[in-house]
Amino acid sequence: GEIDSKLLPTEYSLKPAYPNPFNPVTIFDYTLPYESSVHFMVYDIRGRLVTELIGGIEPAGYHSIKWNASKFSSGMYFVKIQAEGFTKTQKLMLVK
């Protein structure tokens with residue numbers, strides 16, 4: 001069906017992860033005003049890529065993704081979203 005454009009977000013965004021600090025699951029809410037190629041990556045404190053949560057085309061709208069970090073060690077991580085011209089990074093603390 002038709003998507004009501006008034007209900008679509010007007011900009012790219014990444015909301016603060018919740019919970020944070022977390023163990024072992026945290027949730028990211030993000031918005032895409034247009035269908036976009038999205039890369040959602042998690043890096044460790046040394047800047048090494050530890051997992052890619054999304055890599056591909058996502059529809060416009062409001063999205064939510066979970067990261068289950070049960071197989072990762074405690075510490076600081078950085079999540080980075082890239083979508084078209086938008087990039088945002090935030091810090092996460094995994095506490096076990």
Undergrad: State the OG1-CG distance between Thr26 and Leu94, to the nearest 0.5 angstrom.
TA: 9.5 Å
Undergrad: Is the shortest heavy-atom distance from the side chain of Trp67 to the side chain of Leu92 under 4.5 Å?
TA: yes
Undergrad: Indicate if Leu49 and Ile54 have the same hydrophobic cluster label, given that clusters are the connected sets of ILVMFWY residues with side-chain heavy-atom separations under 4.5 angstrom.
TA: no
Undergrad: Do you know which two heavy atoms are closest between Tyr62 and Leu7, and how far apart they sit?
TA: CE1-O, 3.1 Å
Undergrad: When rounded to the nearest 0.5 angstrom, what is the spacing between CZ in Phe28 and CG in Leu53?
TA: 6.5 Å
Undergrad: Would you say Thr31's side chain and Glu11's backbone share a donor-acceptor pair under 3.5 angstrom?
TA: yes
Undergrad: Does some side-chain heavy atom of Glu58 sit less than 4.5 Å from a side-chain heavy atom of Tyr30?
TA: yes
Undergrad: Side-chain polar contacts of residues 34-44 - donor-acceptor pairs under 3.5 angstrom, sequence neighbours left out - could you list them?
TA:
residue: Ser36; atom: OG; partner: Tyr12; partner atom: OH; Å: 2.8
residue: Ser36; atom: OG; partner: Tyr34; partner atom: O; Å: 2.7
residue: His39; atom: ND1; partner: Glu52; partner atom: OE2; Å: 2.8
residue: Asp44; atom: OD1; partner: Arg46; partner atom: N; Å: 2.9
residue: Asp44; atom: OD1; partner: Gly47; partner atom: N; Å: 3.1
residue: Asp44; atom: OD1; partner: Arg48; partner atom: N; Å: 2.9
residue: Asp44; atom: OD2; partner: Arg48; partner atom: NE; Å: 3.0
residue: Asp44; atom: OD2; partner: Arg48; partner atom: NH2; Å: 3.2

Undergrad: Identify whether Leu32 and Leu8 are in the same connected component of the hydrophobic contact network (ILVMFWY, side-chain heavy atoms under 4.5 Å).
TA: no
Undergrad: Which residues satisfy the ring pair (Phe, Tyr, Trp, His ring centres under 6.0 Å) test with Phe78, sequence neighbours excluded?
TA: none
Undergrad: Which residue pairs pass the side chain to side chain donor-acceptor pair (under 3.5 Å) test with at least one member in residues 70-84, sequence neighbours excluded?
TA: Asn68-Ser70
Undergrad: Would you list the atom pairs, donor with acceptor, under 3.5 Å between side chains in residues 14-24 and any protein atom, with sequence neighbours excluded?
TA:
residue: Lys15; atom: NZ; partner: Ser13; partner atom: OG; Å: 2.9
residue: Tyr18; atom: OH; partner: Asp29; partner atom: OD2; Å: 3.3
residue: Asn20; atom: OD1; partner: Met93; partner atom: N; Å: 2.9
residue: Asn20; atom: ND2; partner: Lys91; partner atom: O; Å: 3.1

